Amino acid sequence: MTKPRLRFAPSPTGYLHIGGVRTALFNWLWARKTGGTFVLRIEDTDRERSTDASREIILESLRWLGLSWDEGPGVGGAHGPYMQTERLAIYKEHTDRLIASGHAFRCYCTKEELDAQREALKKRDPKAQFKYPGTCRDRRGEPDERHVVRFKAPRDGAVTYVDKVFGEVTTPNVENQDFVIMRSDGVPLYNFGAVVDDVTMGITLVARGRDHMINTPPQILLYQALGAPVPEFAHLPMMLAPNGERLSKRHGAVSVTEYRDKGYAPAAVLNYLARFGWSFGDQEIFSRDELVQAFSWEACGRGDGKFDDKKFLSIDHEHLKSERLLPASDYAESVLPFLAQRGLSGVTKEAVTRALYTVRERARTFVEAADMLDYFFRDAPVMDEKAQKKFLVKDAAARLRGLRDALAGADEWTEAALEARANAHLEAAGLQIKDVAQPARVALTGRSASPGLYQVLFVLGRDASLARLSRGAEIADASASPA
RNA sequence: GCUCCCGUCAUCUAGUGGUCAGGAUCUCCGCCUUUCAAGCGGAAGGUAUCGGUUCGAUUCCGAUCGGGAGUGCCA
């Protein structure tokens, strides 16, 4: 069996949509699993909306996710160019072939004429479906006047194909229209450009969203007319917004870059997207490699689904918790930019790595991690006003000083030693841990919620810890007396 | 209207002609605990409806209802 060739073919008309990522992912997974080739092609034939900037955003997003392409922009390949607007000569050639073989014809009807007819019909019968009347279909002369090229679509028979996800699909040809394949300016339309590219790029499996399922029969007709082998098809169920509508910016974050900025781990993004419309028994959490291993088209579902932000978040949390899925070193690296955003740009990766274990179970995103790590890297913690008011009160001062003095005498600054030291002191002083824990926590971290006290003390180190306890005591002294 | 596609807890899903219909997220309760998490234990929650086939249907078939895609010189 020859190795499959798959492709992802986004239009550079905006950011990379999360649904697009899922399509790219499934193609990529199959290519990687089978040792096949993953081609990236840019479908920029909509010149009104396509921009270089959005093409770059798409490439950057795919790189961030680790969805590497074997052929395409930036890496080249034997089937280039990989931008449709650079392939115009190829489409022209194929158009000529179709005309020569009688599968296509020049049509001189103007858009205005056709629109007028469409409108007129709508007026007469609002429910009727307008169809190109075939004006130029059997025309004899083909002058070099402005024209489009239409496909001479068969009206009898049917197109049947076996979808790798949906199974056998049959569509009768009776309703076919002689659809336009080439605009009057020589730029191909989607169905034609995609087919010509897939043929000339040797694509063997076309996997895309279910919204393209409607395009498959006419495309198969095109393959046949071109005398090209018809590839396999796999359609993926739609990912809809929570309310069942098409997922768009109206429903919150839908571009990958937004999730990157929210501090999601790329592998977690892939994990969530993979489990959407695909399953592997009861397993929910996968590394990138595990996805490659486990993926199959047979295990893809057919029903559309609704995007769930909560579940997405929890998948990200699972990844951040797991050393296996996200080694501390990579984690630390990823948190750095988010610390920098908080004005903590001098922090080293090593320092973050040392402190990381304190937030590992808690942070759901890198943004949260940066927030939870924040106080380790400041000279003094940023005091939460409410926490300070509640816990750094008058009678906390003495307790903080007592704890400070007890800890100051510790021979070694380890969690166990500190805990033992503190316990001994508390017992001697007739206090309970709860009497000092919250004031100490606020003094050390500026917050009422934090990792375990001894973890915080340990990571902070002796000098910083003692200084913060002292400072906390001063703040407590200065606090207004309880009314 | 027509063509095509879909329908298991709120959500993502597993599964089977006979199961207590399983897991995960969310929610709720409890345990643990110096806080917040994490962890552990428990609860609630589903086969869209109606017919048929069958000894037996969530599973097979049909209809209905519901949802989606398209009906462009957009992709």
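Please read all numbers here as calculations on a predicted model, not as lab measurements. Every chain is numbered from 1, with letters handed out A, B, ... down the list of sequences.
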Test: A:Arg447 and A:Asp384 ion pair at under 4.0 Å
no
For B:rG39, take OP1 and OP2 only and decide whether either is under 4.0 Å from a side-chain N or O of A:Lys321.
yes
A:Asp282 or A:Glu419: which one's nearest nucleotide on RNA chain B is closer to the 5' end?
A:Asp282
Salt bridge present between A:Asp197 and A:Arg87 (N-O < 4.0 angstrom):
yes
Could you go over nucleotides 67-69 of chain B and give all protein N or O partners under 3.5 Å, atom names and distances?
residue	atom	partner	partner atom	Å
B:rG68	O2'	A:Arg210	NH2	2.5
B:rG68	N3	A:Arg210	NH2	3.4
B:rA69	O4'	A:Arg210	NH2	3.2
B:rA69	O2'	A:Asp211	O	3.2

May I ask you to say what A:Thr110 touches in the nucleic acid, namely base, sugar-phosphate or nothing, with a heavy-atom cut-off under 4.0 Å?
base
Counting side-chain heavy atoms from C-beta on, which of B:rC5, B:rA24, B:rC73 comes nearest to A:Glu284?
B:rA24
Can you tell me, in whole Å, how much space there is between the P of B:rC29 and that of B:rA69?
39 Å
When the distance from CG of A:Asp115 to P of B:rC73 is rounded to whole Å, what number comes out?
7 Å
Could you tell me whether A:Arg471 atom CZ has more than 12 heavy atoms of other residues or ligands within 6.0 Å of it?
no
Using a 4.0 Å heavy-atom cut-off across all strands, classify A:Val169 as base, sugar-phosphate, or nothing.
sugar-phosphate
Determine: side-chain N/O of A:Thr45 to OP1/OP2 of B:rA75, distance under 4.0 Å, yes or no.
yes
Answer with base, sugar-phosphate or nothing: what part of the nucleic acid does A:Tyr132 contact at a heavy-atom distance below 4.0 Å?
nothing
Distance, rounded to the nearest Å, where A:Leu114 contributes CG and B:rC74 contributes C1':
16 Å
Answer yes if the side chains of A:His319 and A:Tyr331 hold a donor-acceptor pair under 3.5 Å, and no otherwise.
no
Side-chain (A:His317) to main-chain (A:Glu361) donor-acceptor, under 3.5 angstrom
yes
With a 3.5 angstrom cut-off on both distances, give the Watson-Crick or G-U wobble partner of B:rU27, or none if there isn't one.
B:rA43
Determine the Euclidean distance between corresponding C1' atoms of B:rG72 and B:rC9; express it in Å to zero decimal places.
42 Å
Separation of atom CD in A:Glu175 from atom P in B:rC2, rounded to whole Å
10 Å
B:rU71, B:rC36, B:rC73: which one has an atom nearest the side-chain heavy atoms of A:Gln177?
B:rU71
Scan A:Cys300 against the nucleic acid and name what it touches under 4.0 Å (heavy atoms): base, sugar-phosphate only, or nothing.
nothing
Taking the side chain as everything from C-beta on, heavy atoms only, tell me whether A:Met372 gets closer than 4.5 Å to A:Arg362.
yes
Measure the acute angle between the ring planes of A:Phe179 and A:Phe151, then classify it against the limits of 30° and 60° as parallel, tilted or perpendicular.
tilted
Return the residues of residues 186-200 of chain A meeting this criterion: a heavy atom under 4.0 Å from some atom of RNA chain B. Order them by number, or give none.
A:Leu189, A:Tyr190
Let me spell it out: for each of A:Met182 and A:Lys306, pick the nucleotide of RNA chain B with the closest heavy atom. Which residue's pick is nearer the 5' end?
A:Lys306
Regarding B:rC6, can its base be found pairing with the side chain of A:Arg302 as donor and acceptor, where the two atoms are less than 3.5 Å apart?
no
Does a salt bridge link A:Arg41 with A:Glu43, judged by any charged N lying under 4.0 Å from a carboxylate O?
yes
Between atom CZ in A:Arg118 and atom P in B:rU71, what is the gap in whole Å?
10 Å
Looking at A:Leu320, is its backbone amide N or carbonyl O close enough to the side chain of A:Arg360 to form a donor-acceptor pair, meaning the two atoms are under 3.5 Å apart?
yes
Check whether any side-chain heavy atom of A:Arg47 sits under 4.5 Å from a side-chain heavy atom of A:Thr85, and report yes or no.
yes
At a heavy-atom distance below 4.0 Å, what parts of residues 308-318 of chain A sit against RNA chain B?
A:Asp308, A:Lys310, A:Lys311, A:Ser314, A:His317
Name the nucleic acid region contacted by A:Gly277, choosing base, sugar-phosphate or nothing; use a 4.0 angstrom heavy-atom cut-off, strictly under.
sugar-phosphate
Please report, rounded to the nearest Å, how far the P atom of B:rC73 is from the CG atom of A:Asp185.
13 Å
Which of the following nucleotides, B:rA24, B:rA37, B:rC36, is nearest to the side chain of A:Ala449?
B:rC36
Choose from B:rC73, B:rA24, B:rA75 the nucleotide whose nearest atom is closest to any side-chain atom of A:Asp46.
B:rA75
Return the nucleotide paired to B:rU64: Watson-Crick means purine N1 to pyrimidine N3 with N6-O4 or O6-N4, wobble means G-U with N1-O2 and O6-N3, both under 3.5 Å.
B:rA48
Does a salt bridge link A:Lys311 with A:Glu284, judged by any charged N lying under 4.0 Å from a carboxylate O?
yes
On the nucleotide B:rC36, are OP1 or OP2 found under 4.0 Å from the side-chain N or O atoms that A:Arg360 carries?
no
Rounded to whole Å, how long is the line connecting atom CD of A:Glu113 with atom P of B:rG72?
17 Å
Any ion pair linking A:Asp96 and A:Lys92 (charged N to carboxylate O, less than 4.0 Å)?
yes
Answer yes or no: are there more than 12 heavy-atom neighbours, outside A:Lys122 itself, under 6.0 Å from its atom NZ?
no
Report the nucleotide, chosen from B:rG1, B:rA37, B:rA14, that has the shortest atom-to-atom distance to any side-chain atom of A:Glu361.
B:rA37
Taking CG from A:Asn243 and P from B:rG66, how many angstroms apart are they, rounded to a whole number?
18 Å
Could you walk me through whether A:Arg106 and A:Asp144 pass the salt bridge (charged side-chain N to carboxylate O under 4.0 Å, His left out) test, one step at a time?
CA-CA 9 Å; A:Arg106 290 181 173 186; A:Asp144 279 330; 3.0 Å; yes
Check every strand shown and say whether A:Pro451 touches a base, only sugar-phosphate, or nothing at a heavy-atom separation below 4.0 Å.
base
Rounded to whole Å, the CG-C1' distance (A:Asn215 to B:rC5) equals 13 Å
Does a side-chain N or O from A:Arg183 land closer than 4.0 Å to OP1 or OP2 of B:rC74, or not?
yes
May I ask you to say what A:Val148 touches in the nucleic acid, namely base, sugar-phosphate or nothing, with a heavy-atom cut-off under 4.0 Å?
base
Could you work out which one of B:rU3, B:rG72, B:rA75 sits closest to the side chain of A:Thr171?
B:rU3
Aromatic A:Tyr132 / basic A:Arg150 pairing, under 6.0 angstrom, 45° off normal:
yes
Look through every strand shown and name the nucleotide pairing with B:rC2 as Watson-Crick or G-U wobble, where both distances are under 3.5 Å.
B:rG70
Identify whether any heavy atom of A:Ser11 sits under 4.0 Å from a base atom; if not, whether one sits that close to sugar-phosphate; answer base, sugar-phosphate or nothing.
sugar-phosphate
